[in-house]
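Only this structure's heavy atoms are used, side chains among them; waters, hydrogens and symmetry mates stay out. Each chain gets a letter, A, B and so on, in the order its sequence line appears, and its residues count up from 1.
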Protein chains: 4
Amino acid sequence: MPSATTSTSERVQDAALRLFAERGYHGTGIRQLADAAGLSSASLYHYMGTKEELLVAIMRSSLTGLLDAAEQVVQMDDPGERLDALVRLHVRTHATAPEQTRVVDDEVNALSAGARAEVVALRDRYETLWQSALDDGVARGAFRIGSVAVARRALLEMCSGVARWWTPDGELDLDDLQREYAGLARRLVGAPLRHAESW
Amino acid sequence: MPSATTSTSERVQDAALRLFAERGYHGTGIRQLADAAGLSSASLYHYMGTKEELLVAIMRSSLTGLLDAAEQVVQMDDPGERLDALVRLHVRTHATAPEQTRVVDDEVNALSAGARAEVVALRDRYETLWQSALDDGVARGAFRIGSVAVARRALLEMCSGVARWWTPDGELDLDDLQREYAGLARRLVGAPLRHAESW
Amino acid sequence: MPSATTSTSERVQDAALRLFAERGYHGTGIRQLADAAGLSSASLYHYMGTKEELLVAIMRSSLTGLLDAAEQVVQMDDPGERLDALVRLHVRTHATAPEQTRVVDDEVNALSAGARAEVVALRDRYETLWQSALDDGVARGAFRIGSVAVARRALLEMCSGVARWWTPDGELDLDDLQREYAGLARRLVGAPLRHAESW
Amino acid sequence: MPSATTSTSERVQDAALRLFAERGYHGTGIRQLADAAGLSSASLYHYMGTKEELLVAIMRSSLTGLLDAAEQVVQMDDPGERLDALVRLHVRTHATAPEQTRVVDDEVNALSAGARAEVVALRDRYETLWQSALDDGVARGAFRIGSVAVARRALLEMCSGVARWWTPDGELDLDDLQREYAGLARRLVGAPLRHAESW
DNA sequence: AATGAATGAGTTTTCATTCAT
DNA sequence: AATGAATGAAAACTCATTCAT
């Protein structure tokens, strides 16, 4: 009898998350999924639809979580502080949930057309929040940026990278990490550095 | 009879490159490879070892090419110009050979342990060149950087992203693109902007 | 709570009948059966034995119903009227219960040996009634038939076909249909046509 | 090394024919097919597309063969002789190729929509030949029929039945069989019996 | 009476690879 | 150099059935 605090379907989701992140969607078999969840491969199908639906569920929950948080953060009025908050959110999310974010970032084209459309739509909404934040900062003279589209992509790629290397055991703790990237971002957009951070 | 200027094994490599980039290593079958190369799947094995060796070959050639070029560039004495050249090389490579670089970046953990070690070693040598360039710039007072390790990763991720979106038909041509990223990089490391590029 | 006039096990039989007729025994899954009956697949097993027993039950009830009715009809003394009644019964049954008859006709070799023996025995008893009716008609000079065995098979196949096309909404109503086939049967056995039906 | 006179793909077709006729399409597994063809289930796929395509190929070849032959036969001018020839063709085909005809007759709704459309179209063309032959016979006073549509169905069902029981080892040889059914058919359509066949 | 959970064995189909020719 | 033939193992998924609750 499984633990009362972890439902079987959570275990399935967790196993899928871990394996998809580690070996990729196509590199992960149903049998491996079943093993990792402690089930037979037939039993797996009590807790999921298809393998692809499992992937979509992971992506959707990850993206909607990030999107919701970003929509809060974006309410801030000051362009510099707004960007700062976006960067910290993005970095924090990628540092603390690297498996989710890696799956979202790496497996989009494992999806079939219909599912891909949904996921890409979510991702686009998120990126639009960044684009607007940058546009607004430029319009209000807070940022000096050559190409906003390039800067947006550069910022996002740069911040997403933490999912590929950061661990809580390393030299930088989560606060350091966020502070560091916030500083890089301010430089990237040509914003004045904040008081105590002159390096 | 195939063209005299394109050997069959080049056609195989090209097909693999295209397909691995598009659908991933695990998402690409031997028969698709054979179709794309215009061969039967059995004939394919005259021009390659295993599917994995094909992947390794692609990665090795891509990485050694970049590494060789970087080793030239790194000879430059001036830290700012040296970084500038590294960025331009990296961006140019990712823009003009996006399939190679995407395969290298995305498929490393499709490799078995032995092959992975080789590829990771090459990648590490390349990243070490960047690390040294940044360290030297800091030591000589040309750059002001919080964490060099973070900056190195941020720079590389940011520049690699180009392979995911740039096309020659877009708003920025290759020169614009390199200039743009060079500017972003200088800001990131806290180096003075070059003469004509004040934004 | 289900209707008081339709028991759950009747609903199961009905669902099975419909699905077996539509998609065949092997083409129908237990879960489809359960869905159609409004039950879970586990609950299904409160109302049936195995899937095969369900099929046998359908076949048995269909065949015994037909057999009982035929045994009544066969009491008639006049060979022509007897055949007429047999044809009408067979046609009426196949027209009004096409699902039952199609399952009986089509799924016999989905059965395992034991079950098949039982069903085939019932079918043979039914066909023997026809055979006797024809033999008697020939013996008494009412019918003129080359091979009685061939005629029996021809008659039965011809009449059974009704289950594959007749609907109450078509050009012929049930009376027309029975009259039509009765006429064909009389011709087939070389019996004189009845008074008002000369065509 | 297989026989020089029977190709492997013929063996596959033969095995499929036999098994589909015996146990039905859904009742026949790929493994059984492979066993019967003397191949591994993977090797099977060198000689066929999907299991369904195998079924369609069987149906198509059977139906087009019958249709071609019928189109010849239908050229005859005399309605009685024409019907006679159609009946003999149909009976002969069902007697000598009972597996093909049973598969065609019984497995149509195992097909997916697209394939079914093709097969049904062929079958409809064949039945239209019969319908025309009957219509013409009625129009020219050679046949006296209540409902031509009913008679057509009755005739076809009756003749198709031979695929379910006739064997060359029984009481009737192939000539007897054709003669017998031709006689039944003439009676069915109210055509005068031919000279030597008064029964 | 009813069902979620579970599964071993099955389904059709594809996998990467080998080998005789 | 090229390929048809072949396959064991695996892919994702469904099967009919059981059982504890």
Separation of [N] [atom2] from [X] [atom1] (nearest whole Å):
X	N	atom1	atom2	value
I30(B)	dA5(F)	CD1	C1'	17 Å
Y45(B)	dA5(F)	OH	C1'	15 Å
L44(C)	dA16(F)	CG	C1'	11 Å
K51(A)	dA12(F)	NZ	P	4 Å
L39(B)	dA1(F)	CG	P	11 Å
L33(C)	dT14(F)	CG	P	17 Å
Q32(A)	dA10(F)	CD	C1'	11 Å
H26(B)	dC15(E)	NE2	C1'	12 Å

query = In Å, rounded to the nearest 0.5 Å, how long is the span from CZ of R116(D) to CD of E52(D)?
reply =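 Reported to 0.5 Å precision, the distance equals 9.5 Å.
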>> Taking the nucleotide of DNA chain F with the nearest heavy atom to each, does G38(B) or A42(A) sit closer to the 5' end?
In response: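 Nearer the 5' end of the strand: G38(B).
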| salt bridge (Lys or Arg N to Asp or Glu O under 4.0 Å) between E118(C) and R60(C): does it pass, once the steps are laid out? | CA-CA 9 Å; E118(C) 182 199 340; R60(C) 183 163 33 218; 2.5 Å; yes
Assign each of R31(D) and E52(B) the nucleotide of DNA chain E bearing its closest heavy atom; nearer the 5' end lies the nucleotide of R31(D)
Using Watson-Crick geometry (N1-N3 plus N6-O4 or O6-N4) or G-U wobble (N1-O2, O6-N3), each under 3.5 Å, dA16(E) is paired with dT7(F)
*Give none if dT21(F) has no partner; otherwise give the nucleotide forming a Watson-Crick or G-U wobble pair with it, both distances under 3.5 Å.*
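Base-paired to dA2(E).
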Note to self: Any base atoms under 4.0 Å from S9(D), or only sugar-phosphate, or nothing? Heavy atoms, all strands.
What the structure shows: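 It contacts nothing in the nucleic acid.
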- Message: Using the rule side-chain contact (heavy atoms from CB on, under 4.5 Å), only one of V104(A), V119(A), V103(A) pairs with L55(A); which is it?
- Response: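 Of V104(A), V119(A), V103(A), side-chain contact (heavy atoms from CB on, under 4.5 Å) with L55(A) is met by V103(A) alone.
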Of dC13(F), dT3(E), dA16(F), the nucleotide closest to the side chain of T50(A) is dC13(F)
Testing dT14(F), dA1(F), dA6(F) for proximity to the side chain of Y47(D), the answer is dA6(F)
Practice prompt. Give a yes/no on whether any side-chain N or O of S43(C) is located under 4.0 angstrom from OP1 or OP2 of dA1(E).
Written response: no
Give a yes or no on whether a donor-acceptor pair under 3.5 Å exists between the nucleobase atoms of dA6(F), that is its base, and the side chain of H46(D).
->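 Indeed there is one.
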Checklist entry - Taking the side chain as C-beta and beyond, is there a heavy-atom pair between Q100(D) and F20(D) under 4.5 Å? => result no
Of D105(A), T101(A), D106(A), the one forming a side-chain hydrogen bond (donor to acceptor under 3.5 Å, both in side chains) with R164(A) is D106(A)
